[in-house]
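The structure appears below as structure tokens.
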Amino acid sequence: MHRQMKLSAAQFRILVIFYSLGDTILVVPGSLTADSKQEAWIPAILGVGVGVLLVWMYIKLSSLYPNKTIIELNEVILGKFVSLLFVASTLLFCSQVLFYVGSFLTTRIIIQTPMLAVHILFMGIVIVGVRLGIETIARCAEILFPWFVIPFLILVFSIFPQIHYENLQPLLEVGVKPIIRSILVFTSITSLTFIVLLTVFPAHVAEPDQRNRAFFTGSLIGGGIMIIILLLGILVLGNTYTRIALYPSYELARRIEVADFLKNIEVIMAIMWFLSLYFKTSLYYYATVSGLAQILELKNYRILTLPLGIIAVTFSLIVYPSIPYEQTWDRDTWIPYSLLFGLFYPLGLLIVGKIRVKHSASLSK
């Protein structure tokens, strides 16, 4: 289905960067410092390393059938029921990200705006992008990437004078258990959902000799940006404020003040967040509609974009009844769910797939 669609390796790398950041820019600093305090940057670095190993596993999985998407892999190896579960999960993830968008905007920027209105507007833009196709989304990401990099550099250099290195002390005070939990938290948000990218990779990515490297470098760059933002949060805000603030990265941007004239430019963090969120939501939604279309053997997935968009908006209003519920879910439920989705499920696919490939090879001899 739409096998002619091809992204360049550079475009895919940018999509990976945006996807790995997504909602993590505002969520990860508070989540990691809650367990690891001033040492949260250590599990973040280790988490990036774990993410590279996960990318390696996903590449190995995709290499079994390089011209098939993850949905087609499911049908060959495990069956359509697993594909339906996969599509249901990506639709759930899409609804969760919509909640983050509405929660942030209605509590920080446009306070009196109904959350439903925000969700409809944001999802409408996502639907338009997905209807135009993954190639259009990738080109848009390529064009807008500098508008992510520039605000990021402004944030880093503007906030640098407010750094207090003593906020990193004392070192090695936190035990091993909090560090391990923080690694799981970081990996679950940034890397364990990378399997969603297999709806695009490698079937729709050109330049076979470059696309694997693009996957690796995209995850490393995204992880590096996240480590920098986390470190800045601890160095400027301190681990206590970073831990208790609902959106510590946004609070970090509010501290920017240069020569008494560059103030209150926290909108730069909002710009960074919205760009990464848009592309992450679009990839979730593309995985949902294209996956369901492949399961139903439809020639064109576009007929599904509007009805599934309405379902996503509806789910976004009920997936988290409140912010405390969302925080409890992220702390207690999300990690095992993401491990099942992003580790055990692809690992099972890889093992069974290798057995099937070897069995087919032995029969053909």
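Quantities reported herein were computed from a predicted structural model and do not represent experimental measurements.
Evaluation of the side-chain contact (heavy atoms from CB on, under 4.5 Å) rule for L85 yields F81 as partners, not counting sequence neighbours.
The closest side-chain donor-acceptor pair between Y19 and T193 falls under 3.5 angstrom. Of the N and O atoms on the side chains of E72 and Y65, not one donor lies less than 3.5 Å from an acceptor on the other residue. Between the side chains of S95 and Y320, no donor-acceptor pair is found at a separation under 3.5 Å. Between the side chains of E207 and S8, no donor-acceptor pair is found at a separation under 3.5 Å.
With hydrogens and angles disregarded, no donor-acceptor distance shorter than 3.5 Å links the side chain of R211 to the backbone of A206. No side-chain donor-acceptor contact under 3.5 Å links Y285 to the backbone of I127. When atom types are taken as modelled, the side chain of K6 and the backbone of E135 share no donor-acceptor pair closer than 3.5 angstrom. Side chain of T187 to main chain of L184: no donor-acceptor pair is present (N/O by atom type, distance under 3.5 Å, no hydrogens or angles). D35 places no side-chain N or O within 3.5 Å of a backbone atom of P178 that could act as its donor or acceptor partner. In this structure, the side chain of E75 does not engage the main chain of S83 through any donor-acceptor pair within 3.5 Å. Here the side chain of H164 pairs no donor or acceptor atom with the backbone of V236 at under 3.5 angstrom. With S290 contributing its side chain and Y286 its backbone, the two residues share a donor-acceptor pair below 3.5 Å. Remark: the backbone N or O of F279 is not paired with any side-chain donor or acceptor of S282 at under 3.5 angstrom. Side chain of N167 to backbone of L235: a donor-acceptor contact under 3.5 angstrom is found.
Enclosure of atom CD in E297 is not indicated, since only 12 or fewer non-hydrogen atoms of other residues, nucleotides or ligands lie within 6.0 angstrom. More than 12 heavy atoms of other residues, nucleotides or ligands sit less than 6.0 Å from atom CH2 of W329. Heavy-atom neighbours of L296 CG from other residues, nucleotides or ligands within 6.0 Å: above the threshold of 12. More than 12 non-hydrogen atoms from other residues, nucleotides or ligands lie less than 6.0 angstrom from NZ of K80. Other residues, nucleotides and ligands contribute at most 12 non-hydrogen atoms within 6.0 Å of the CZ atom of F160. Atom CZ of F216 has more than 12 neighbouring heavy atoms from other residues, nucleotides or ligands inside a 6.0 Å radius.
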Test side-chain contact (heavy atoms from CB on, under 4.5 Å) applied to N239 and E39, step by step: CA-CA 9 Å; N239 80 83; E39 297 176 22; over 6 Å; no
Given side-chain contact (heavy atoms from CB on, under 4.5 Å), test L84 with I295 step by step and report yes or no. CA-CA 8 Å; L84 284 171; I295 293 169; 3.9 Å; yes
Output, in order, the C-alpha distance, side-chain angles, deciding distance and verdict of side-chain contact (heavy atoms from CB on, under 4.5 Å) for Y58 and V196. CA-CA 10 Å; Y58 299 146; V196 173; over 6 Å; no
In sequence, state the C-alpha distance, the side-chain angles, and the governing distance for S276 and I25, and then conclude on side-chain contact (heavy atoms from CB on, under 4.5 Å). CA-CA 9 Å; S276 59; I25 292 180; 3.9 Å; yes
Please evaluate residues F215 and W56 with respect to the criterion ring-ring contact (aromatic ring centres under 6.0 Å, His included), reporting the C-alpha separation (whole Å), side-chain torsions for both, the decisive distance (0.1 Å), and the verdict. CA-CA 9 Å; F215 206 162; W56 175 81; over 10 Å; no
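Across every non-hydrogen atom of F194 and S20, the tightest pair is CZ-CB, 3.7 Å. When every heavy atom of K68 is checked against every heavy atom of L73, the shortest pair comes out as CB-N, 4.4 Å. For F201 against S62, the heavy-atom pair with the smallest separation is CE2-OG, 3.4 Å. In plain terms, the two heavy atoms of L343 and L54 that are nearest each other are CD1-CD2, 4.0 Å. For the residue pair V319 and S316, the shortest heavy atom distance occurs at CG1-O, 3.8 Å. Residue T90 comes nearest to A287 through the heavy atom pair CG2-CB, 4.1 Å, listed as atom of the first residue, atom of the second, then distance.
Taking the side chain as every heavy atom from C-beta outward, T69 and L198 never approach each other to under 4.5 Å. You'll find the side chain of M226 reaches within 4.5 Å of the side chain of F186, heavy atoms only. Proximity of S158 to I154: side-chain heavy atoms (C-beta onward) are separated by under 4.5 Å at one or more points. Considering only heavy atoms from C-beta on, L349 comes within 4.5 Å of N74 through its side chain. Residues Q38 and Q169 are not in side-chain contact: their nearest non-hydrogen atoms beyond the backbone lie 4.5 Å or more apart. Side chains of F145 and I17 form a contact here, defined as non-hydrogen atoms less than 4.5 Å apart. Annotation: side chain of L61 is not in contact with side chain of M57 (no heavy-atom distance under 4.5 Å). Looking only at side-chain heavy atoms (C-beta outward), Y345 and V82 come within less than 4.5 Å of each other.
Taking CG of L231 as the reference point, atom CG of L168 lies at 6.5 Å (rounded to 0.5 Å). Note: L32 CG to I227 CD1 = 10.0 Å, rounded to the nearest 0.5 Å. In this structure, the separation between OH on Y100 and OG1 on T24 is 10.5 Å, given to the nearest 0.5 Å. Separating the CD1 atom in I183 from the CD1 atom in I42 is a distance of 9.5 Å, to the nearest 0.5 Å. Atom CG of L116 is separated from atom CG of L98 by 10.5 Å, given to the nearest 0.5 angstrom. The CG atom of L306 sits 10.0 Å away from the CD1 atom of I311 when rounded to the nearest 0.5 Å.
Following chains of ILVMFWY side-chain contacts shorter than 4.5 Å, one cannot reach L121 starting from M123, and the two form parts of different hydrophobic clusters. In terms of hydrophobic clustering, with Ile, Leu, Val, Met, Phe, Trp and Tyr side chains grouped at heavy-atom distances under 4.5 Å, V118 and I318 are assigned to a common cluster. Linking Ile, Leu, Val, Met, Phe, Trp and Tyr residues whenever their side-chain heavy atoms come within less than 4.5 Å leaves L53 and L347 in two separate clusters. In the hydrophobic clustering of this structure, F152 groups with I150; members are Ile, Leu, Val, Met, Phe, Trp, Tyr whose side-chain heavy atoms approach within less than 4.5 Å, directly or through other members. Clustering ILVMFWY residues whenever any of their side-chain heavy atoms sit less than 4.5 angstrom apart, transitively, puts L15 in a cluster other than the one holding V128.
Between F86 and F341, the two ring planes are parallel [angle under 30°; tilted spans 30° to 60°].
Of the candidates F148, W273, F274, F18 forms a ring pair (Phe, Tyr, Trp, His ring centres under 6.0 Å) with just one, namely F148. Each of L304, L308, V289, T288 was scored for a side chain to side chain contact (heavy atoms under 4.5 Å, CB included) with V130, with one residue passing: V289.
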